[in-house]
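Protein chains get the first letters and strands the later ones, always in sequence-line order, with residue 1 at the start of each.
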Protein chains: 2
Amino acid sequence: MELLPAFTTVVLAVALAFMNAASVQAGKVLVFPVDGSHWLNMNLLVEGLHTRGHEVTVVRTSTSWYIKEQSPHYNSITIPMSKAMNMESQDFFVDLLGRMLVLQREKDSMISWVSFYREMLTLLYSLHHQACQVAVKIFENKALMQSLRDAQYDVVLMDPGLPIGVLVAHELKLPTVFNVRWITSGEGHFLVAPSPASYVPVCGCAVTDNMAFMQRVKNMLFFLWNTAVDTLVVCPHYNRLVDKYLEPGTNFYQLLQGAHIWLMRVDFVFEFPRPTMPNIVYIGGFQCKPSKPLPADLEDFVQSSGEHGVILMSLGSLVKGLPIEITNCIASAFAQLPQKVIWRHAGETPSTLGNNTMLVKWIPQNDLLGHPKVRAFVSHGGTNGIYEAIYHGVPIVGVPLLFDQFDNILRMEVRGAAKVVDVTKLTSQNFVQVLQEVLHNTSYRDNMKRMSDLHRDRPMHPLDTALFWTEFVMRNKGAAHLRTESYKLPWYSYHSLDVVCLLLAVLSLLATGTVMLIYCLCFKLCRRKDKQE
Amino acid sequence: MELLPAFTTVVLAVALAFMNAASVQAGKVLVFPVDGSHWLNMNLLVEGLHTRGHEVTVVRTSTSWYIKEQSPHYNSITIPMSKAMNMESQDFFVDLLGRMLVLQREKDSMISWVSFYREMLTLLYSLHHQACQVAVKIFENKALMQSLRDAQYDVVLMDPGLPIGVLVAHELKLPTVFNVRWITSGEGHFLVAPSPASYVPVCGCAVTDNMAFMQRVKNMLFFLWNTAVDTLVVCPHYNRLVDKYLEPGTNFYQLLQGAHIWLMRVDFVFEFPRPTMPNIVYIGGFQCKPSKPLPADLEDFVQSSGEHGVILMSLGSLVKGLPIEITNCIASAFAQLPQKVIWRHAGETPSTLGNNTMLVKWIPQNDLLGHPKVRAFVSHGGTNGIYEAIYHGVPIVGVPLLFDQFDNILRMEVRGAAKVVDVTKLTSQNFVQVLQEVLHNTSYRDNMKRMSDLHRDRPMHPLDTALFWTEFVMRNKGAAHLRTESYKLPWYSYHSLDVVCLLLAVLSLLATGTVMLIYCLCFKLCRRKDKQE
């Protein structure tokens, strides 16, 4: 049996339908993005909405890193901020990464780690504090608020990583659409869908959906820890805003849980299957698209690799992130291979660099991954890169460095589509071994090819899906019929603990009553016998 | 803001894409349907798969009621059975309905009710017993089993209401696709998705997703009752089969839970929102389609209604089901209205029938519901009819009689699109009142119109969705990446009770240790003081 997925045809057809639909009267979208790599994703939706004729307004700060004030695709509202947080610069991450590597490599004391985590928590605190400062500036600016009201937007599209948009949307009485993978307490599903800790891995826990008992204990502890951090460090900021600017009785968590549509940047080819909700729409890989031809010089370099092909390496925005001793090991490993290597690299040039390796400041990553000569992708495990690798079916050598990257690479590893290298233990020898395994053991490419087939085999491209559901909310003034109201229940009612208590009480009463009845009957019977005797 | 849903265009485009895809090499589908109204649904999928070039084989019994041996759309395998169960005839339901109405009207004693329910349980027992007899005949027929193996099907498509297909599919090592709303223990979701009893109504409980405390207690009791009935009355049949014919260690529930795709005959315009799973695909309303012109005589009758319009009445397959005293009340109510009435009726002609009412044995229901002159639909609340009414935006007067019909009508009532009549209290007066309210209070039509808009506003027709995901399983030899393996966990592990116990034990130990330490220190301190003194 060989049935073609008909993917391309369906995509073309849906695109055609979308183009027809684009001729109808357009709407107005207010966007609250998160800066950095999150914006790259959000910008795709902004461009898509603009192309389909909608008027898009993006709220940014004067210290924005990636989000430009001027764009052909959107109008912007700029909130003046005196200084950017130090996190909004690349050097911050390089510094953070460097210190984490030192801690991991030198197996530093518990105290160093605790102090490091304390610093991370302070940073998290500051990050949300700064976001709330932006919200204060919006709410305090009566003219701005009035102009937002007057503009009569149809929907608020937002990234709930820094969820100030939900407060403004609530004030403007507008439905919200989330472009989401992360929320304040971790992965987005945890806030809105049942997430049994027995088989749904908590971010950072480095377990799969098939856990041994002690892994389930670890997963539960991570869940409790994340919840505690969110409750104690993050939420107080937003609760203060809610108390100050919104009507009494409003609950910050309920504002988040009340989003009409969650455009989840997840695909189950990548993520472990788990419970979901009717208003969660999966758009994982919505940035993926067919590759375009390479620039002539790059194409020449790629072609010069002959039958051996090319290895692509990129650590995302952390291009300067690795210490020179590690990049030297990597370069010397590459130099031992017959393949050509294209390495997106911005730091000091490694002394061990081979003739087969080309260092570049920027690469057309999607176009390279789609090139038939590319044999492997050395990646830090950012989701954008992983989805592009899945889309084009290129196996991965994972060098996870920070945040969710460890979990991301783990997901590819358990599916046999990636091999991971521990950067703290990286040597020229073990790196070359891993590269050779991924290059020569065909199972990696086969597994990636199968994932690619599954990922592409859907009736509609995920970007079109995202646009459809955003417009659905605009057309229908929300999607309340897809959203449960269960989040308004107290936790003990949600889990039916009150009902169980009542039923147990009734059962106990019945049992006690029965025992007492039997006891009384026996007692009377004995007495009557005694009397008779 | 007014954006057209672009529904028709998208449907056309997707249909075009599907037609293109149909030219690829076809597959083989083995179908285990359930007889009666379930077959009407399944037959749509069978026809769709046949149209797309697949070879479909339907397993039926020699006593089949609706499933014909000869069809242009499928081959059939007929399992010889000596006699049909009495349930497989319309008279059985008429008899059942009559007795239930007598019990309800006359508020008969508890003993009558218990005896009635006991009889229902016996019937349920016999129904599954008969299904298992069919399975035995299949497994015992070595030649048939070998021919099924030799045929090399790609997928088993089945209705898990009578789930013998999962046993055969397991034996043939084939992936299963369910066309499902009901399973042995009630609504399909309950077996595969988290279903908190705090806001997910259990079938038969007649509550919404917004329950007061005592309603939640009732819902929990219904859940426990359904589970008990399933465990004690239904499953033993299938467990015996599994023990006898499948390899040791196979678990019947796990066979059901292991279905690759659940084509769920549900749409959240109709059903309350609730947790779901990645491998559940919603195809509610997949039978709906635009109406065709009416036959000339019917069109003349409809047009003769003038500005008042037409009322449509149908109680589905229970056309002979109502006692004459009730049909007399209904007919006399209709006679008081200026509207024309088309009544699908097969029993004794009511003596009170008005000139405005036409009795017919069969109606082109979908074409009538789509006619602009139809003002209201008097329905028993079968899901097929309800989805057609939603699709065409016709408000409902509900006369629920049996099974899920009460819950179905309740869902329409809470959305303000239907008004329910208790058939045991039906009089000419209250029926005419209800009719007039639905006819003249525009909110019913408006709410139905809004539901219709929401239901139609999707990127792909649900029938195409169903075909796409069935073919997805055929192309990819399953959809295991969308299915959790959580059902293999013991229930206490699934709910993390073992982990919670461990954590509580550790906490208790720590607390006890701390208390004992403090106690020892105090004790030593006191002793030293005493000595010093």
Side-chain angles (χ1 to χ4, degrees), chain A residues 1-6 9-10 12-14 16-18 20-21 24-28 154 193-194 196-199 209-210 213 216-217 220 268-269 273-279 453-454 457 459-460 465 468 471-472 474-476 481-486 489 493-496 498-499 502-503, chain B residues 1-6 9-10 12-14 16-18 20-21 24-28 154 193-194 196-199 209-210 213 216-217 220 268-269 273-279 453-454 457 459-460 465 468 471-472 474-476 481-486 489 493-496 498-499 502-503:
Chain A
M1 227 254 347
E2 177 82 27
L3 277 173
L4 276 174
T9 332
V10 176
L12 274 174
V14 171
L16 187 84
F18 261 76
N20 290 343
V24 298
Q25 195 186 328
K28 296 175 87 173
D154 298 298
S198 52
Y199 72 98
D209 59 344
N210 187 2
F213 178 70
R216 288 196 284 114
V217 172
M220 178 65 87
F268 288 106
V269 168
R274 49 151 300 138
T276 174
M277 297 302 275
N279 61 337
D453 289 345
L454 289 173
D457 191 359
M460 196 167 166
T465 307
F468 177 87
E471 293 189 334
F472 181 96
M474 295 165 77
R475 278 193 292 272
N476 300 298
H481 68 297
L482 297 175
R483 179 188 62 178
T484 79
E485 302 282 303
S486 63
L489 288 170
S493 298
Y494 179 94
H495 294 287
S496 293
D498 45 2
V499 171
L502 179 84
L503 293 180
Chain B
M1 227 255 347
E2 178 83 26
L3 277 172
L4 275 175
T9 333
V10 176
L12 275 174
V14 171
L16 187 84
F18 262 74
N20 291 343
V24 297
Q25 198 186 328
K28 295 175 86 175
D154 298 298
S198 52
Y199 73 98
D209 60 343
N210 187 0
F213 178 69
R216 289 196 285 114
V217 173
M220 179 66 88
F268 288 106
V269 169
R274 51 151 299 138
T276 173
M277 297 301 276
N279 62 338
D453 290 345
L454 289 173
D457 191 359
M460 196 166 164
T465 307
F468 177 87
E471 292 189 334
F472 181 96
M474 295 165 77
R475 278 193 293 272
N476 300 298
H481 69 297
L482 297 175
R483 179 188 62 178
T484 79
E485 302 282 303
S486 64
L489 288 170
S493 299
Y494 179 94
H495 294 287
S496 292
D498 46 1
V499 171
L502 179 85
L503 293 180

How long is the span from the CE atom in Met460(A) to the CZ atom in Phe468(B), to the nearest 0.5 Å? 12.0 Å
Under 4.5 Å from any heavy atom of chain B, what part of [X] do you find: side chain, backbone, both or neither?
X: Met220(A); answer: side chain
X: Arg274(A); answer: backbone
X: Pro194(A); answer: side chain
X: Ala197(A); answer: both

Part of Arg216(B) lying under 4.5 Å from any heavy atom of chain A: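 The answer is both parts of Arg216(B).
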Give the member of Val269(B), Leu454(B), Asp209(B), Leu482(B) that has the highest number of heavy-atom pairs under 4.5 Å with chain A.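 If we count pairs closer than 4.5 Å to chain A, Leu454(B) comes out on top.
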For each of Asp498(B), Leu489(B), Leu502(B), Asn279(B), tally heavy-atom pairs with chain A at distances under 4.5 Å, and name the one with the top tally. Asp498(B)
I'd like to know which of His481(A), His495(A), Glu485(A) tops the heavy-atom pair count under 4.5 Å against chain B.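 Of the candidates given, the most pairs with chain B belong to His481(A).
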Residue from Ser496(A), Ala193(A), Pro196(A), Ser493(A) scoring the most non-hydrogen pairs under 4.5 Å with chain B is Ser493(A)
Between Asp457(B) and Asp453(B) (side chain of the first, backbone of the second, donor and acceptor by atom type, cut-off under 3.5 Å), is there such a pair?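 Between the backbone of Asp453(B) and the side chain of Asp457(B) there is no qualifying donor-acceptor contact (under 3.5 Å).
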[X] versus [Y], closest heavy-atom pair with distance:
X: Lys28(B); Y: Met474(B); value: N-CE, 3.9 Å
X: Phe268(B); Y: Pro273(B); value: CD2-CA, 3.6 Å
X: Met277(A); Y: Thr276(B); value: C-CG2, 3.8 Å

